[in-house]
Amino acid sequence: MDEREVTRRAVLQGGAALAGLAVFGGLPTAALAAPVAAGYEIIPWLDQPVSVPAALRDAVGQPLVWEEVGAQITPSEKFFTVKHYGQPTIAGADWRLDISGLVGQPLSFTLEQLRALPRQEVTFTVECSGNHGGPLTGLVGNATWAGTPLAPLLQAADPQAAEVVFWGADSGPGPVGDPPAPVVERFARGLSLAEALGPDVLLCYEMNGAPLHPAHGFPVRLLVPGWYGVANVKWLRRIEVLGTRYAGRFMGRDYVTQRKVVEDGQESVRFTWVGRALLKSAPARVVRGPAGYQVEGVAWGSKIARVEARVDGGPWLPTFLVAEGSDTGYEWRRWGFDWVQPTAGEHTITSRAFDTNGRLQPAPTDPVIANKLTFWESNGQITRRVKIA
Ligand SMILES: Nc1nc2c(c(=O)[nH]1)N[C@H]1C(S)=C(S)[C@@H](COP(=O)(O)O)O[C@H]1N2
Ligand SMILES: [Mo]
């Protein structure tokens with residue numbers, strides 16, 4: 001590969017992309033030091049996301065600015081937040097995590113006790129399942145999370161049933177009855193015991209090397225790598241083993257996908273709750289350098305095998321994957337391609353990801369997307385618009 005190509009690819013490498021050296025050869029250190037090196041310019045998308053609608057402003061904060069995606073890790077202060085019931089104030093010293101319900105041995109932990117237990121890290125791309133479904137498009141970010149594995153603690157509590165509910169400290173109006181009764185509902189999500197015992201499930205107290213920020217769940221949140229954001233309960237207060245399936249708001253009323261299906265010749269609607277993350281990719285930005293244009297993006301939600309992109313609805317082109325990050329399938333892979341001599345004017349860029357199981361990110365016309373009646377789990381292929389001067 002010629003030197004200009006190396007330099008252009010170096011832009012995509014962003015910050016400390018040392019793993020990339022093996023793939024792309026000796027990158028100039030200057031290019032590694034900054035997300036966009038001197039002489040490079042980001043071309044903003046024409047289709048800029050709408051600002052967070054007033055009705056959602058209490059719940060949704062700081063969506064990702066796609067043009068800023070120039071490194072593997074999303075800085076914590078730029079990481080999106082979702083708070084359905086506001087942000088509870090919790091003093092770390094007073095906080096306790098209880099494991100209770102149908103257990104042989106109820107347990108209770110202080111923050112200090114959890115921090116003294118074996119520490120495990122995972123880099124995981126958290127995406128809200130509402131991302132790209134409605135007007136919002138930046139509800140995704142990649143961070144390195146640390147905590148202690150849940151499985152040994154849950155096992156020590158000797159669970160006697162198969163449903164595990166994770167209760168947050170936050171609560172809001174519980175819509176029971178008409179008119180609603182004056183009661184509140186706590187934020188909670190359920191997992192099966194088998195899911196909760198997964199080796200990567202963490203009681204997480206750290207994000208990108210610092211204690212969890214209050215917005216991200218201080219002192220402790222559940223971290224369930226491979227699942228949509230809603231499973232990752234913040235401000236965790238209690239883990240309860242139940243003898244029945246839990247059907248709170250965020251399992252049975254909200255975060256429920258409705259899809260048209262045809263069964264026995266009859267069209268009907270099927271309701272499924274949002275659970276595991278789905279394969280997805282998105283173009284992130286177009287960069288112009290001295291040697292030409294490069295399109296950069298990310299792909300996540302599964303182990304990424306490859307990503308293809310197309311310009312103006314033309315043939316699908318291969319992209320290169322940046323050799324950075326873990327291969328757990330939990331964190332996004334950055335990809336890019338050299339956009340050779342684009343003509344002046346408006347263009348569209350579309351991407352599609354393939355995972356290592358041979359699955360393909362669905363097109364918007366795929367029935368799995370097209371037959372959806374709700375906006376959750378919108379992992380269809382994304383097209384952005386850009387104008388080349
Ligand atoms: N206790 C509690 N946990 C929660 C939520 C919440 O409102 N309350 N929102 C969930 C949703 S819908 C998402 S997408 C993620 C977002 O995590 P973040 O705010 O750290 O980015 O947190 C999840 N955990
Ligand atoms: Mo979410």
Side-chain angles (χ1 to χ4, degrees), residues 52 56-64 73-90 95 97 122-147 165-174 184-191 201-208 210-240 246 248-251 253-257 273-278 280 300-301 331-332 374-379:
V52 178
L56 292 175
R57 231 162 267 160
D58 285 341
V60 173
Q62 50 191 37
L64 187 74
I73 297 292
T74 310
S76 301
E77 63 280 6
K78 302 214 162 180
F79 206 98
F80 82 98
T81 60
V82 177
K83 308 169 198 177
H84 286 283
Y85 296 140
Q87 184 172 302
T89 306
I90 301 174
W95 176 85
L97 174 67
V122 63
T123 304
F124 168 40
T125 301
V126 178
E127 184 186 24
C128 178
S129 47
N131 194 26
H132 290 109
L136 299 175
T137 72
L139 307 184
V140 61
N142 189 44
T144 298
W145 311 87
V165 184
F166 298 86
W167 297 93
D170 49 332
S171 61
V184 296
E185 180 175 5
R186 298 278 287 266
F187 186 96
R189 282 278 299 189
L191 290 175
V201 179
L202 298 183
L203 299 173
C204 166
Y205 46 70
E206 223 177 82
M207 177 184 188
N208 290 337
L212 274 185
H213 187 278
H216 293 291
F218 177 86
V220 169
R221 79 183 301 170
L222 184 70
L223 200 81
V224 199
W227 289 61
Y228 273 116
V230 70
N232 299 266
V233 178
K234 303 192 280 190
W235 312 295
L236 190 60
R237 168 69 187 89
R238 189 155 33 98
I239 299 174
E240 185 180 354
Y246 171 71
R249 170 178 163 192
F250 298 96
M251 302 294 287
R253 305 198 295 284
D254 231 343
Y255 290 81
V256 171
T257 294
W273 57 283
V274 167
R276 290 179 198 275
L278 297 176
K280 189 162 167 182
W300 67 95
E331 66 174 305
W332 63 24
T374 43
F375 63 84
W376 308 110
E377 301 182 282
S378 291
N379 70 318

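Throughout, numbering of the chain's residues begins at 1 and tracks the sequence. Both ligands and their constituent atoms are indexed starting at 1 by order of listing. From a predicted model like this one, the values you see are computed outputs, not experimental measurements.
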Checklist outcome for this item: Looking only at heavy atoms, the pair that brings G147 and L202 closest together is N-CD1, 4.0 Å

Checklist entry - Sequence neighbours excluded, which residues qualify as ring pair (Phe, Tyr, Trp, His ring centres under 6.0 Å) partners of W95? => result none

Item to check | Residues in ring pair (Phe, Tyr, Trp, His ring centres under 6.0 Å) contact with Y205, at least two apart in sequence or another chain | outcome: none

Item to check | side-chain hydrogen bond (donor to acceptor under 3.5 Å, both in side chains) pairs, two or more places apart, involving residues 217-236 | outcome: none

Checklist entry - Distance only, no hydrogens: is a donor on one side chain within 3.5 Å (strictly under) of an acceptor on the other, for T374 and T257? => result no

Item to check | Protein residues having a heavy atom less than 4.0 Å from any atom of ligand 1 | outcome: F79, F80, T81, V82, K83, H84, C128, D170, F187, H216, R221, G229, V230, N232, V233, K234, W235, Y255

Item to check | Parallel, tilted or perpendicular, as decided by the 30° and 60° cut-offs, for the rings of Y85 and F250 | outcome: perpendicular

